[in-house]
Structures are given as structure tokens and as C-alpha cells.
K.L.:
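Can you read through this structure? Questions will come right after.
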Number of protein chains: 2
Amino acid sequence: MGRGKCFGQGGWHGKFHGRGYRMTAGREAVINVLSSTKEHLSADEIFIRARKLNPDIGLTTVYRTLERLSIMGEIHRLDPGDKRARFELAESEKGHHHHLVCTKCNRIIDYDDFIDDEVKLLSETEKKLSKKYDFKINNHLIQFYGECKECAE
Amino acid sequence: MGRGKCFGQGGWHGKFHGRGYRMTAGREAVINVLSSTKEHLSADEIFIRARKLNPDIGLTTVYRTLERLSIMGEIHRLDPGDKRARFELAESEKGHHHHLVCTKCNRIIDYDDFIDDEVKLLSETEKKLSKKYDFKINNHLIQFYGECKECAE
DNA sequence: ATATGTGCAAAACATTTGCAGTGGT
DNA sequence: ACCACTGCAAATGTTTTGCACATAT
């Protein structure tokens with residue numbers, strides 16, 4: 001998106017501005033938190049870390065920023081078994097991967113092994129399903145559930 | 001509850017009894033609700049329907065029954081974007097399928113087309129992942145997100 | 001200038017829990 | 001008779017909302 005020299009790192013300013021939204025200190029803090037970790041953080045955990053970067057930020061802003069980013073397709077929202085949503089930067093930022101979810105401790109492990117075959121099959125399936133169900137597919141979620149090695153009994 | 005001489009339909013009585021749990025009127029109502037629909041109902045929706053079968057049932061019992069059934073592996077818990085969990089009988093009861101989730105209206109469409117290729121690839125992947133991450137995989141969730149035809153703009 | 005973004009406190013919401021009583025085995 | 005199960009009401013924890021003010025463009 002060649003739009004000159006003066007927009008912030010990662011083009012975030014442009015991503016917001018281009019859609020009629022504004023880049024603010026609060027949003028920057030949330031994005032920096034998400035950019036600097038591989039963990040899958042909840043809104044509250046993001047809030048705690050973001051406050052270190054910008055002590056003025058409120059939890060409400062974190063929620064609203066996450067919603068905005070989610071609508072923009074820049075983050076993915078994960079809903080594991082426990083009832084707090086978790087968030088990660090979308091694939092365009094971090095590389096495509098799928099998840100192993102531990103049903104005991106709720107840990108989420110990313111994997112990107114064997115992804116190529118999966119993605120190939122999935123995109124064929126997407127095509128067929130789109131046609132058959134007249135459904136516009138934007139995204140997919142692949143998760144395996146089980147017990148991680150720490151939780152194995 | 002007249003269950004005749006042996007164990008009730010579907011062997012539910014036996015499934016509970018065999019694990020040291022009891023079959024009760026409340027549980028029967030919840031199971032009958034789940035058995036008689038293809039929809040993905042929330043706890044509250046199950047409660048409303050179960051109350052028609054058994055007016056004495058309480059919402060708490062619905063939640064506790066769903067948790068029990070989930071632990072027993074008899075139902076799957078789905079966590080779509082909105083924040084209420086939804087439930088469906090496990091594959092052993094209903095046939096294996098995957099999901100299309102509409103991000104506008106939260107409708108969930110089951111599909112079982114093209115499932116064979118998917119399942120084949122998935123079970124190979126499961127094997128490799130289990131070994132590599134020392135993770136005991138019990139289940140998987142495949143969902144495509146997008147817009148259903150009613151919501152297409 | 002102006003509409004978008006914000007923090008705060010209160011509300012909304014699904015889900016869980018404590019407890020005393022009920023009921024399956 | 002025993003202990004799992006129950007409903008109720010209250011508690012919990014997350015996410016949302018109303019509002020007056022602040023701020024990016």
C-alpha cells in the first residue's frame with residue numbers, strides 16, 4: 001500500500017485511517033502488546049500489559065479496540081472452553097497456523113507443521129462449500145482438543 | 001419414570017449408571033431436547049424446551065447436566081463468536097460433521113459433504129501432531145467463518 | 001470544527017456456587 | 001440409608017453501554 005513515508009510502523013496508522021478510523025495512543029498500546037507476544041491473551045491480560053505502555057488506558061478501550069481490530073480482520077478471536085475470549089494477530093501478521101487446545105488447562109499451542117496439506121485441502125473444500133451452501137467464507141478455524149503433556153495423567 | 005424392564009431408549013440410563021451417576025427426570029428432559037433437534041441450542045434455549053417436557057426443571061440443572069454430558073463425551077460444546085455456548089449431541093449420536101458459522105447472524109450450518117477427505121487428512125495430521133507435541137488428541141473442531149446467504153449484502 | 005474515541009460507573013449477561021431439601025439406587 | 005441430584009437465590013466474572021469529556025484529523 002505505498003502511501004508515503006509518514007505512517008507508523010506496520011502501517012497501522014494507515015490501516016485505521018484508510019477505513020475512516022483514527023490511530024490513538026490506546027490503540028497503539030493494544031497493538032504493541034499483541035505484536036510483542038505469541039501468547040493468546042484475554043482482554044483483561046491485554047489491559048494489564050497495555051497499561052504499562054500507557055497508564056491512562058481503560059479496559060473499555062481495550063474491548064472496543066479488540067472489537068474494531070476483529071471487524072477489520074486484523075486479529076482473530078478464539079473462544080476456548082473457559083468463558084473468556086482470547087486474541088491473536090491475524091495470519092497476515094504472524095504466519096498461518098492452527099491450534100491444539102488442552103481441555104484440562106486451556107493452554108493453546110500453535111502449530112504450523114503439516115499446514116500446507118491442510119490448507120490445500122481446506123481451500124478446495126471452501127470452494128465446494130461456498131457453492132453448495134451459498135456461503136461466503138472468509139476464514140477458518142482448525143482446532144484439535146485433548147490433553148497437553150503437562151496435563152497427561 | 002417408567003423405564004420398563006431394562007434400560008431406556010438410547011441406553012442413556014446405562015451410560016449414567018455405568019459411571020456411577022443417576023438417571024433423573026431432569027437429565028432425561030435435557031437429553032430428549034438435544035435428541036429431537038438438529039439445531040445448536042444454548043443452555044437457556046435447552047432450558048425453555050426442557051421445561052415443556054418437565055415443568056419442574058431448573059436452569060441450574062440444565063447447566064449441570066450439560067457439564068456432565070460434556071465430561072462424559074456425549075455432547076460437544078461449541079463456542080461461536082457470541083458469548084453463549086451452544087451444544088450438540090456428539091458424533092456417535094448424530095454422524096460426524098463440521099460447521100459453517102455465519103459471523104453476522106451466528107447461525108451454524110452443519111455440513112457432512114466432502115467430510116471423508118477432510119477426516120482422512122485430519123487423522124493423519126492428528127497422528128503426527130500427537131507425536132511431535134506429546135499431546136493426546138481426543139477431538140477436533142473444524143469451522144469455516146463467513147456470511148450465510150441470508151446475511152449476504 | 002466535528003465526529004470519533006475515551007474513561008468511568010453502572011448495567012447486562014451467561015454461568016457458577018452455597019445450601020437445605022429431594023429422590024434414585 | 002446413602003449420597004447424588006435438585007431448585008432457588010445470591011455471587012461471580014466477563015463484556016457492554018450511557019454519558020460527558022477529550023482528541024485526532
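Quick caveat, the model's predicted, so the values are computed rather than measured. Note on naming: letters A, B, ... go to the chains in the order of the sequence lines (proteins, then strands), and numbering restarts at 1 for each one.
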K.L.:
What's touching nucleotides 8-10 of chain C from the protein side, N or O pairs under 3.5 Å?
P.N.:
residue: C:dC8; atom: N4; partner: A:T60; partner atom: OG1; Å: 3.4

K.L.:
A:V62 or B:F87: which one's nearest nucleotide on DNA chain C is closer to the 5' end?
P.N.:
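The 5'-side residue here is A:V62.
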K.L.:
B:M72 has an atom CE; how far is it from atom C1' of D:dA4, in whole Å?
P.N.:
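Rounding to the nearest Å, CE of B:M72 and C1' of D:dA4 are 14 Å apart.
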K.L.:
Starting from P on D:dT16, measure out to CZ on A:R77 and report it in whole angstrom.
P.N.:
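Result: 6 Å.
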K.L.:
Which residues satisfy the salt bridge (Lys or Arg N to Asp or Glu O under 4.0 Å) test with B:D113, sequence neighbours excluded?
P.N.:
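Expected list: A:K132.
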K.L.:
Check the distance between D:dA22's P and A:N54's CG and give it to me in whole angstrom.
P.N.:
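Checked: the CG to P distance equals 16 Å.
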K.L.:
Where each residue is assigned the nucleotide of DNA chain D containing its nearest heavy atom, which of A:Y21 and A:E67 is assigned the position nearer the 5′ end?
P.N.:
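Of the two residues, A:E67 wins.
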K.L.:
Filter on salt bridge (charged side-chain N to carboxylate O under 4.0 Å, His left out), then keep only pairs touching residues 56-68 of chain A, sequence neighbours left out; what's left?
P.N.:
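Every pair satisfying salt bridge (charged side-chain N to carboxylate O under 4.0 Å, His left out) with a residue in residues 56-68 of chain A: there are none.
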K.L.:
Output yes when a side-chain donor or acceptor of B:S36 lies under 3.5 Å from a complementary backbone atom of B:V33, and no otherwise.
P.N.:
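Flag set: sc B:S36 to bb B:V33 pair under 3.5 Å.
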K.L.:
Closest to the A:H13 side chain: D:dT14, C:dT15, D:dT25?
P.N.:
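Given the options D:dT14, C:dT15, D:dT25, the side chain of A:H13 is closest to D:dT25.
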K.L.:
Starting at atom CD of B:E28, determine the distance to atom P of D:dT6, rounded to an integer number of angstrom.
P.N.:
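Rounded to the whole Å, the gap is 12 Å.
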K.L.:
Kindly state which residues belonging to residues 33-47 of chain A come within less than 4.0 angstrom of DNA chain C, counting heavy atoms of the residue only, listed by number.
P.N.:
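None - not one residue of the stretch has a heavy atom sitting under 4.0 Å from the strand.
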K.L.:
List the residues meeting salt bridge (Lys or Arg N to Asp or Glu O under 4.0 Å) with A:R77, not counting sequence neighbours, and say none if there are none.
P.N.:
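For A:R77 the salt bridge (Lys or Arg N to Asp or Glu O under 4.0 Å) partners, ignoring immediate neighbours, are A:D79.
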K.L.:
Other than B:I71, what residues sit in its cluster of Ile, Leu, Val, Met, Phe, Trp and Tyr side chains whose heavy atoms are under 4.5 Å apart, directly or through others?
P.N.:
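Once heavy-atom contacts under 4.5 Å are chained together, B:I71 still belongs with nothing else.
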K.L.:
What nitrogen or oxygen pairs link the protein and nucleotides 21-23 of chain C at under 3.5 Å?
P.N.:
residue: C:dG23; atom: N2; partner: B:R22; partner atom: NH1; Å: 2.6

K.L.:
Clusters formed by hydrophobic residues whose side-chain heavy atoms approach within less than 4.5 Å: which one holds B:I48, and what are its other members?
P.N.:
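Members other than B:I48 - counting any ILVMFWY side chain reachable under 4.5 Å - there are none.
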K.L.:
Both A:K83 and B:R27 contact DNA chain D. Taking the nearest nucleotide for each, which residue is further toward the 5' end?
P.N.:
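Result: B:R27.
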K.L.:
If you check every side-chain atom of A:T65, which of C:dT25, C:dA14, C:dT6 has the closest atom?
P.N.:
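The nucleotide sitting nearest to the side chain is C:dT6.
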K.L.:
Can you say whether the rings of A:F144 and A:Y111 are parallel (under 30°), tilted (30 to 60°) or perpendicular (over 60°)?
P.N.:
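Tilted.
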K.L.:
Roughly how many Å is it from CZ in A:R84 to C1' in C:dT16, rounded to a whole number?
P.N.:
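After rounding, the reported distance stands at 16 Å.
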K.L.:
Only counting residues at least two apart or in another chain, list the ones meeting ring-ring contact (aromatic ring centres under 6.0 Å, His included) with B:H96.
P.N.:
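Partners of B:H96 under the ring-ring contact (aromatic ring centres under 6.0 Å, His included) test: B:H98, B:H140.
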K.L.:
Just grab all the salt bridge (charged side-chain N to carboxylate O under 4.0 Å, His left out) pairs involving residues 32-41 of chain A, residues at least two apart or on different chains.
P.N.:
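Qualifying pairs: A:E39-A:R49.
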K.L.:
Rounded to whole angstrom units, what separation is found between the CZ atom of B:R68 and the C1' atom of C:dG24?
P.N.:
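About 15 Å, once rounded to whole Å.
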K.L.:
Considering only residues two or more places apart or on different chains, which pairs with a residue in residues 63-90 of chain B satisfy ring pair (Phe, Tyr, Trp, His ring centres under 6.0 Å)?
P.N.:
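The answer is none; no pair qualifies.
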K.L.:
With a 4.0 Å cutoff (strictly under), does any side-chain N or O of B:T24 reach OP1 or OP2 of D:dT6?
P.N.:
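Indeed, a polar side-chain atom of B:T24 lies that close.
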K.L.:
Can you tell if the side chain of B:I142 reaches within under 4.5 Å of the side chain of B:L122, non-hydrogen atoms only?
P.N.:
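Yes, their side chains come closer than 4.5 Å.
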K.L.:
Return no unless some side-chain N or O of B:Y63 is found under 4.0 Å from OP1 or OP2 of C:dT15.
P.N.:
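So the side chain of B:Y63 is within the cut-off, an N or O lying under 4.0 Å from OP1 or OP2 of C:dT15.
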K.L.:
For the pair made of NE2 in A:H17 and P in D:dT23, what is the distance, rounded to whole Å?
P.N.:
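So the NE2-P distance, A:H17 to D:dT23, works out to 19 Å.
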K.L.:
Supply the members, apart from A:L141, of the Ile/Leu/Val/Met/Phe/Trp/Tyr cluster built from side-chain contacts under 4.5 Å; use none for a lone residue.
P.N.:
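ILVMFWY cluster around A:L141 also holds A:L78, A:V101, A:I108, A:Y145, B:L78, B:V101, B:I108, B:L141, B:Y145.
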K.L.:
Measure from CG on A:D82 to C1' on D:dT15 and round the result to the nearest Å.
P.N.:
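Value for this atom pair: 14 Å.
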